[in-house]
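Worksheet: one structure, shown below.
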Amino acid sequence: MDLINWFLEAVARRAPVSIQVEGTRYLIGSIGVFLLIWVALHKPLAARKIRKPTPRTKQIRRELSYSALTIVIFMLMGVFVYEGAASGVFKFYSDVGEYGWTYLVFSIALLAVFHDAYFYWTHRLIHHPKLFRHFHAVHHRSVNPTPFTAYSFNPGEAAVNFMVIPLYALIVPVHDIATLIYMWLMIVRNALGHSGYELMPKGWTRNPWLNWSTTITHHDMHHEKMTGNYALYFTWWDRWMGTEHADYHARFDKAVGAAPQTPKGAVIPAE
Ligand SMILES: [Zn+2]
Ligand SMILES: [Zn+2]
């Protein structure tokens, strides 16, 4: 009973900040991407639509209701993080002078690398037949994703995804501003990744200086095929583990309107 009282009291105390952080992040991030890509730019980007048809309103309605549930879970779990931070469990810090600006920027990049590995392996885990229905089926109901698929999760998957920053902050010192910047980058990249439009320039996946970064087509193919291309930001893990789709380059080329190429890079002559 004491624990319930403590939790309710903590929720009441932390709710204003939690709603501000999670609510505005989702509203501005996800709805912002929707308005930008699906409303303002859908005509100029028409040739970049990865797959037809455009998902129906019914799908978006379902995604929004699951997203609301995800936000509530993030807020409730956030209460524990705020309380933990206040009692010094995590290595969050607020004085930039403690480690300097260079470290602050480095800690964001390192968090992205950590998150990518965390996402790859937890993602593969929740694709296990025994876990899929309980943890990941909701996300995959969106076979052709929309910016709102970004937060459309089973509650269990939402909880797993939430844990990445607290786990990182248990080990690595991370400034409050770095945390906020990363949380914003995360939602915008996630919504863009589900936007259904390829936004990267032609030749991206074949350029060794660029192809370490995933494209929109990369995750779009994961939704289409329900398997492979498991990673989030970087192509490393899928390549190391042999889970990248063999036709990834060809599908990216098609999405950006580039001429199809042989694996060696020679352009196939038109028939
Ligand atoms: Zn999946
Ligand atoms: Zn997805």
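Note: hydrogens, waters and symmetry copies are ignored here, and every other heavy atom, side chains too, is used. Atoms within each ligand, like the ligands themselves, are counted from 1 in listed order. Just so it is clear, the model here is predicted, and its values are computed rather than measured.
Residue H123 approaches the Zn ion (ligand 1) most closely through its N/O/S atom NE2. The N, O or S atom of H140 lying closest to the Zn ion (ligand 1) is NE2.
For F153 and F135, the distance between ring centers is not under 6.0 angstrom.
Rounded to 10°, the angle formed at the Zn ion (ligand 2) by NE2 of H223 and NE2 of H139 is 100°. Seen from the Zn ion (ligand 2), atom NE2 of H194 and atom NE2 of H219 lie 100° apart in angle, a value rounded to 10°.
In this structure, E198 does not pair ionically with K49, as no charged nitrogen and carboxylate oxygen lie closer than 4.0 Å. Salt-bridge formation is not detected for the pair D253/K202: no Lys NZ or Arg NE/NH1/NH2 atom is positioned less than 4.0 Å from an Asp or Glu carboxylate oxygen. One finds a salt bridge joining D247 and K225 here, because a Lys/Arg side-chain nitrogen approaches an Asp/Glu carboxylate oxygen to under 4.0 Å.
Considering only heavy atoms from C-beta on, H222 comes within 4.5 Å of H123 through its side chain.
The Zn ion (ligand 1) has an N, O or S atom of H136 under 2.8 Å away, backbone or side chain. In summary, no N, O or S atom of H222 is located under 2.8 Å from the Zn ion (ligand 2).
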